[in-house]
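One structure is given here, and the rest of the page talks about it.
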Number of protein chains: 2
Amino acid sequence: MAYTVGQVAKAAGVTVRTLHHYDEISLLSPSGRTAAGYRRYDDADLERLQLIRYYRELGFPLEEIAAILDDPRVDPAAHLRRQHELLTGRIGKLQEMVAAIELAMEARRMNINLTPEERFEVFGDVDPDQYADEAERRWGGSEAYRESNRRVARYGKDDWLRNKAENEDWGRRFVAVMDSGVPADSAEAMALAEEHRQLISRWFYDCSYEIHTGLADMYLADERFTAHYEAIHPGLTAYLAEAIHANAISRA
Amino acid sequence: MAYTVGQVAKAAGVTVRTLHHYDEISLLSPSGRTAAGYRRYDDADLERLQLIRYYRELGFPLEEIAAILDDPRVDPAAHLRRQHELLTGRIGKLQEMVAAIELAMEARRMNINLTPEERFEVFGDVDPDQYADEAERRWGGSEAYRESNRRVARYGKDDWLRNKAENEDWGRRFVAVMDSGVPADSAEAMALAEEHRQLISRWFYDCSYEIHTGLADMYLADERFTAHYEAIHPGLTAYLAEAIHANAISRA
DNA sequence: GCTTGACCCTCACGTGACGGGAGGCCGCAG
DNA sequence: CTGCGGCCTCCCGTCACGTGAGGGTCAAGC
């Protein structure tokens with residue numbers, strides 16, 4: 001099976017220029033040429049291109065790709081295995097980034113200042129304990145609370161009061177359900193978990209079930225959020241987290 | 001809180017040169033300068049840098065990032081929400097890529113030729129039904145079977161015969177267990193699923209439990225693999241897939 | 001058998017996002 | 001007051017292509 005540059009380009013989702021470039025630097029030279037000088041690619045070339053595309057997607061420079069592909073000690077199957085590993089690693093990193101985004105969203109919502117290392121730790125290369133006075137900035141957010149209300153530009157003072165009232169109303173009803181002794185996966189607790197989700201959605205950002213369960217885990221893991229909920233009522237954090245999970249499962 | 005270029009660079013995992021560049025193009029200009037002309041970044045700058053880093057990681061060009069960050073219609077929380085969506089989308093794409101790698105690995109193992117669109121469909125931009133005679137190349141692999149044995153360079157003829165014998169032996173014993181009527185999650189079936197995994201690991205590539213269950217799903221989804229196993233014994237594919245899953249769970 | 005339009009070729013310069021060095025101030029620990 | 005690490009501004013280099021310019025090729029249709 002032979003293919004022209006155009007066909008290969010279209011199939012692989014690259015431009016013709018890219019294939020020319022790969023030919024120029026001898027990363028992927030077509031196995032032959034026609035009498036008129038047209039490039040002819042065969043199945044083996046496509047296989048090589050597939051490996052190249054995956055390595056590229058993983059961020060490898062072309063020179064390095066050429067080196068590892070032309071290494072005679074590595075057989076083709078090993079490349080696939082390697083790419084599988086690299087990809088799952090990459091997925092893990094992106095999931096951490098998702099968690100970091102959720103952290104940033106909740107920090108906004110609760111008016112908590114993030115430290116620089118919290119903002120960027122998912123990008124690696126952070127050298128811990130270089131910010132000695134972390135605790136200060138970490139909790140300094142409560143000081144900024146009143147004035148920062150103005151920072152969420154589109155809300156007026158009365159909006160904030162209504163928001164606060166709704167939150168407190170929800171808190172009272174949630175504590176009542178909790179104290180009534182029903183389990184966290186009861187219909188009542190789940191209904192209030194759902195209300196919690198909709199409260200966030202209405203006031204801050206569209207909170208999917210996926211994000212919501214992410215938040216629940218974060219409340220348990222991060223002492224600042226735990227503190228926020230434990231201050232309402234001891235044991236509330238764990239109970240809420242369980243109710244959120246149960247609610248998300250039941251709606252799936 | 002004020003930071004110097006070096007501090008910001010170290011925290012955010014970028015170089016000082018990058019921050020200079022962002023300043024040059026007015027993507028991220030420090031909120032102030034010292035008397036000596038030193039750049040001074042504050043917390044708001046870091047917040048902006050966090051957004052920039054995420055958008056960059058997602059592949060946005062700097063100019064576009066500047067445009068969306070400076071769009072007054074978009075509030076900060078919306079950016080986070082947007083990045084959350086983009087990230088989860090990206091994760092989904094990478095998971096498809098992982099599946100495609102697993103497909104390529106199994107295709108190698110079973111000597112099945114992949115079509116160009118199968119190699120590259122995860123990269124998008126494929127225009128279907130442009131390869132009309134797909135079916136021919138799809139199944140053309142069986143013809144190439146005998147001669148392609150030589151292509152897996154490091155194996156000699158006797159290696160292949162031993163491999164084949166081991167495979168057939170496993171197949172006979174698996175059919176026996178299946179016909180004995182025990183469920184697919186019985187100890188016997190799971191033991192043979194485990195043997196299947198180790199057979200792949202010994203002869204082709206290191207097959208983790210994760211990959212193994214990925215393969216099981218593929219056997220059910222892709223008719224070529226289904227055909228391979230159904231040819232051994234009808235109903236084997238589904239039984240094997242279930243046994244593989246049960247085995248993977250029990251070892252976790 | 002000749003045109004026409006889609007596709008191919010080789011230069012060759014342009015671009016985005018920085019890397020890296022030169023040459024020279026700044027600031028604080030000893 | 002003297003290092004020495006950190007900061008500054010040019011400014012050229014690089015990588016992976018993008019984007020024409022100028023020109024040959026090929027199958028389809030008239």
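No experiment lies behind these values; they were computed from the predicted model shown. Values reported hereafter were calculated over all heavy atoms of this structure, with side chains retained and with hydrogens, waters and symmetry mates removed. Order of the sequence lines fixes the chain letters, A, B, ..., with proteins taken first and strands second; residue numbering starts at 1 for each chain.
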Under 4.0 Å protein heavy-atom contact, by nucleotide of nucleotides 12-19 of chain D - B base, S sugar-phosphate only: ----BBBB
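In this entry the distance linking CG of A/L19 with C1' of C/dC8 reads 13 Å, nearest Å. When the P atom of C/dC8 is taken as reference, atom OH of A/Y3 falls 15 Å away, rounded to whole Å. Distance CD1 (B/I52) to P (C/dA17): 12 Å, rounded to an integer number of Å. Taking atom NE2 on A/H20 and atom C1' on C/dC8, their separation rounds to 7 Å, with Å as the unit.
A/S31 places no side-chain N or O within 3.5 Å of a backbone atom of A/Y41 that could act as its donor or acceptor partner.
Side-chain N/O atoms of B/S29 and B/S26 include no donor and acceptor closer than 3.5 Å.
Contact annotation for A/V5: backbone-only contact, meaning every heavy-atom pair under 4.0 Å involves sugar-phosphate atoms and none involves a base.
Applying the ring-ring contact (aromatic ring centres under 6.0 Å, His included) test to residues at least two apart or on different chains, none of the pairs has a partner in residues 4-29 of chain A.
Aromatic pair B/Y54/B/H79: ring centres not closer than 6.0 Å. A centroid separation of less than 6.0 Å is found between the aromatic rings of A/H196 and A/H212.
Residues from residues 26-42 of chain B placing a heavy atom under 4.0 Å of any atom in DNA chain C, listed by number, are B/A36, B/Y38.
No salt bridge links B/D42 with B/R48; every basic N to acidic carboxylate O contact stays at or beyond 4.0 Å. Taking 4.0 Å as the cut-off between side-chain N and carboxylate O, A/E57 and B/R90 count as a salt-bridged pair. Taking a cutoff of 4.0 Å between a charged side-chain nitrogen and a carboxylate oxygen, A/E47 and B/R108 qualify as a salt bridge.
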